[in-house]
Amino acid sequence: MVWITTPTTTRRMRRVRPVDTKPEIAVRKVAHELGFRFRLHRRDLPGNPDLVFPKLRAIVLVHGCFWHHHARCRRGTMPKRNVDLWRTKFARNVLRDAVVWRQLREAGWRVLVVWECETADRGALRVKLRSFLSKGDRP
Ligand SMILES: [Zn+2]
């Protein structure tokens, strides 16, 4: 099968391995403002998690709504062309996310997923991150 691309899908496809995406930067900024220390993309952990808080044994994964196929989200859309290919690709991404999540949990990490669409509201993002990260000192 051959991919039929439009400017939009081409733009999206270029971002297969997003590094320093806007949502991720927003999350880093808020976590930093809250005073938490973290490391980025630790290669020794499954899935090279976006933000790692070693002392808190906590991890924050920032998921783009399109690539990670956010359910019931307007950004988690199905492109109109190459539907079968996209379906396969999204299914693979969602499965990989689940595997990474389980591996991290099994290794004793607490994991929070922040969706791209949740980063638009900084206030809400702040509340969510603070509530997750401040649980760190409890088992
Ligand atoms: Zn979303």
Side-chain angles (χ1 to χ4, degrees):
M1 274 201 266
V2 175
W3 285 86
I4 302 158
T5 57
T6 62
T8 315
T9 48
T10 306
R11 219 180 311 124
R12 283 167 164 175
M13 287 166 77
R14 277 202 200 107
R15 289 163 53 193
V16 175
R17 281 305 294 154
V19 176
D20 296 342
T21 58
K22 238 172 108 182
E24 204 183 308
I25 289 167
V27 172
R28 281 186 214 169
K29 211 174 156 210
V30 171
H32 183 78
E33 282 166 6
L34 290 169
F36 292 101
R37 296 293 185 95
F38 52 89
R39 288 183 53 196
L40 302 172
H41 304 287
R42 265 183 51 179
R43 289 174 186 273
D44 56 326
L45 293 172
N48 302 340
D50 301 313
L51 284 82
V52 181
F53 301 80
K55 279 189 191 161
L56 304 174
R57 222 38 206 166
I59 280 173
V60 175
L61 303 174
V62 186
H63 283 183
C65 297
F66 179 73
W67 281 105
H68 296 266
H69 210 52
H70 194 190
R72 294 178 298 279
C73 170
R74 69 180 174 83
R75 298 188 212 200
T77 53
M78 181 62 75
K80 293 196 170 49
R81 298 182 193 211
N82 309 299
V83 172
D84 287 346
L85 284 165
W86 281 112
R87 220 187 287 281
T88 308
K89 191 164 186 54
F90 287 141
R92 218 185 291 138
N93 289 354
V94 169
L95 180 69
R96 190 174 47 223
D97 288 342
V99 168
V100 165
W101 195 85
R102 202 183 52 227
Q103 287 173 336
L104 290 170
R105 297 284 300 174
E106 281 170 4
W109 294 87
R110 294 188 306 120
V111 185
L112 175 74
V113 171
V114 174
W115 289 95
E116 174 187 3
C117 59
E118 294 178 300
T119 61
D121 182 344
R122 291 297 166 92
L125 179 60
R126 212 182 149 82
V127 169
K128 184 174 176 145
L129 282 178
R130 186 167 43 206
S131 115
F132 173 70
L133 294 170
S134 56
K135 283 182 199 137
D137 39 17
R138 277 176 256 146

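Order of appearance sets the numbers: ligands from 1, and atoms from 1 within every ligand.
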| query | Taking only residues two or more places apart in sequence, or in another chain, which ones meet His68 in a side-chain hydrogen bond (donor to acceptor under 3.5 Å, both in side chains)? | reply | Asp97
| note | For Val52, the other hydrophobic cluster members (4.5 Å side-chain criterion, sorted by chain and number) are Leu45, Ile59, Leu61, Val100, Trp101, Leu104, Trp109, Val111, Val113, Trp115
| field | By salt bridge (Lys or Arg N to Asp or Glu O under 4.0 Å) - contacts of Arg42 (at least two apart) | value | Asp44
| query | Should we say atom CZ of Arg39 is surrounded by more than 12 heavy atoms from elsewhere, each under 6.0 Å from it? | reply | no
| query | Do any N or O atoms from the side chain of Glu116 and from the backbone of Cys65 form a donor-acceptor pair under 3.5 angstrom? | reply |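 Yes.
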| field | For the Zn ion (ligand 1): protein N/O/S atoms at distances below 2.8 Å | value |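 Near the Zn ion (ligand 1), the number of protein N, O or S atoms below 2.8 Å is 4.
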| message | How close do Ser134 and Arg130 get, counting heavy atoms only, and between which atoms? | response |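 What the structure gives for the nearest pair is OG-O, 2.6 Å.
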